[in-house]
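Take a look at the structure set out below.
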Amino acid sequence: VQLQASGGGLVQAGGSLRLSCAASGRALIGYNMAWLRQAPGKEREFVAAISWSGGRTYYPDSLKGRFSTSRDNAKNTVYLQMNSLKPEDTAVYYCAANQRRFGPQEEYDYWGQGTLVTVSS
């Protein structure tokens with residue numbers, strides 16, 4: 001599976017962005033998906049997860065209510081809607097796929113290349 005994340009950019013604090021993660025090479029329907037981010041000089045951070053069917057989602061408490069993930073298996077695409085963005089949300093955002101496990105994981109089967117989100121104050 002090849003994953004391509006897109007939709008990043010520069011946004012003012014309080015604004016919104018929607019990231020997309022498009023898959024090719026294999027159908028995404030068999031994969032639980034996750035979003036992670038990494039800010040400069042910081043460790044990678046788990047952002048959101050969605051089960052293969054879309055029936056379950058998971059967010060860390062710190063992001064609940066602002067971030068939401070969804071998927072369209074017919075389009076082989078997963079989305080991350082980010083609202084009320086803050087400067088501390090600035091990071092490279094990655095999508096990742098795990099065929100067997102759902103939620104935060106140490107390892108994933110496939111990774112996208114990342115898309116940069118910059119939130120200005």
Side-chain angles (χ1 to χ4, degrees):
V1 177
Q2 290 80 45
L3 302 175
Q4 179 79 31
S6 62
L10 176 64
V11 62
Q12 287 189 332
S16 298
L17 276 178
R18 188 176 82 155
L19 307 183
S20 298
C21 175
S24 60
R26 187 175 291 185
L28 265 186
I29 191 169
Y31 292 87
N32 302 301
M33 298 297 295
W35 290 93
L36 301 98
R37 67 186 182 184
Q38 188 162 22
K42 295 188 177 181
E43 292 188 354
R44 188 176 68 199
E45 178 185 13
F46 173 82
V47 173
I50 186 165
S51 63
W52 67 270
S53 67
R56 285 192 296 166
T57 56
Y58 178 83
Y59 309 93
D61 289 343
S62 60
L63 296 178
K64 281 180 182 177
R66 292 198 302 123
F67 286 21
S68 65
T69 187
S70 60
R71 65 192 296 162
D72 185 339
N73 286 333
K75 294 183 178 180
N76 240 16
T77 303
V78 180
Y79 305 98
L80 181 69
Q81 178 68 42
M82 306 184 294
N83 299 325
S84 302
L85 283 162
K86 305 175 182 180
E88 51 264 42
D89 294 318
T90 295
V92 177
Y93 284 72
Y94 300 89
C95 56
N98 192 309
Q99 192 170 25
R100 291 168 297 282
R101 296 183 177 88
F102 168 76
Q105 303 295 333
E106 289 296 320
E107 297 182 353
Y108 292 88
D109 299 326
Y110 303 99
W111 288 85
Q113 88 292 355
T115 185
L116 176 63
V117 173
T118 304
V119 184
S120 63
S121 57

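Nothing fancy with the numbering, it's 1 onward along the sequence. All heavy atoms count here, side chains included; hydrogens, waters and symmetry mates do not. These numbers were taken from a predicted model, which means no experiment stands behind them.
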- Message: Using 0.5 Å steps for rounding, measure from the OG atom of Ser24 to the CD atom of Gln4.
- Response: 8.0 Å
- Message: Could you check whether any side-chain heavy atom of Met82 comes within less than 4.5 Å of a side-chain heavy atom of Leu63, counting everything from C-beta outward?
- Response: no
- Close side-chain approach of Ser120 to Leu10, heavy-atom, < 4.5 Å: yes
- Following the transitive rule for hydrophobic clusters with a side-chain heavy-atom cut-off under 4.5 Å over Ile, Leu, Val, Met, Phe, Trp and Tyr, establish whether Val47 and Val11 coincide in one cluster. yes
- Correct closest heavy-atom pair for Ser121 and Pro87 would be CB-CG, 3.9 Å
- Minimum heavy-atom distance Ser84-Ser16, with the two atoms named: N-OG, 4.3 Å
- Task: Begin from the C-alpha positions of Asp89 and Lys86 and carry the test salt bridge (Lys or Arg N to Asp or Glu O under 4.0 Å) through to its verdict.
- Result: CA-CA 5 Å; Asp89 294 318; Lys86 305 175 182 180; over 6 Å; no
- To the nearest 0.5 Å, what is the distance between CD1 (Ile29) and CH2 (Trp52)? 5.5 Å
- Task: Please assess Val1 against Gln99 for the test side chain to side chain contact (heavy atoms under 4.5 Å, CB included), listing each intermediate value before the final yes or no.
- Result: CA-CA 11 Å; Val1 177; Gln99 192 170 25; over 6 Å; no
- Query: Under 3.5 Å, is there a donor-acceptor pair between the Arg44 and Tyr94 side chains?
  - Reply: no
- Heavy-atom pair with the smallest gap, counting every atom of Thr115 and Gly8: OG1-N, 3.0 Å
- Please round to the nearest 0.5 Å and tell me the distance separating atom CE of Met33 and atom CG of Asn73. 10.0 Å
- Indicate yes or no for a side-chain donor-acceptor contact from Asn98 to the backbone of Glu107 under 3.5 Å, with no hydrogens or angles considered. yes
- Query: Any link between Trp111 and Val117 through a network of hydrophobic side chains (Ile, Leu, Val, Met, Phe, Trp, Tyr) touching at under 4.5 Å?
  - Reply: no
- Query: Checking Tyr59 side chain against Thr69 main chain: does a donor-acceptor pair fall under 3.5 Å?
  - Reply: yes
- Donor-acceptor under 3.5 Å (Arg71 side chain, Ser51 main chain): yes
- Task: Measure the CG-CZ distance between Leu116 and Arg37 for me, rounded to the nearest 0.5 Å.
- Result: 12.5 Å
- Message: Using side chain to side chain contact (heavy atoms under 4.5 Å, CB included), reason through Arg100 and Asp109 one step at a time and then give a plain yes or no.
- Response: CA-CA 9 Å; Arg100 291 168 297 282; Asp109 299 326; 3.3 Å; yes
- Leu17 with Tyr79, same ILVMFWY side-chain cluster at under 4.5 Å: no
- Separation of Tyr93 OH from Ser6 OG (nearest 0.5 Å): 15.0 Å
- Partners passing ring pair (Phe, Tyr, Trp, His ring centres under 6.0 Å) against Phe46 (at least two apart in sequence or in another chain): Tyr58
- Over all heavy atoms of both residues, which pair between Lys42 and Gln38 is shortest? Give the atoms and the distance, please. O-NE2, 3.0 Å
- According to a 4.5 Å side-chain heavy-atom criterion applied to Ile, Leu, Val, Met, Phe, Trp and Tyr, with indirect links allowed, do Leu36 and Leu85 form part of one hydrophobic cluster? no
- Query: Hey, quick one: are Val78 and Phe102 part of the same hydrophobic cluster, counting side-chain heavy atoms closer than 4.5 Å, chains of contacts allowed?
  - Reply: no
- Taking every non-hydrogen atom, the tightest pair across Leu28 and Ala23: CG-CB, 3.3 Å
- Query: Would a 4.5 Å heavy-atom cut-off, applied to side chains only, mark Phe67 and Trp35 as touching?
  - Reply: no
- Query: If you measure from SG on Cys21 to CG on Asn76, what distance do you get to the nearest 0.5 Å?
  - Reply: 9.5 Å
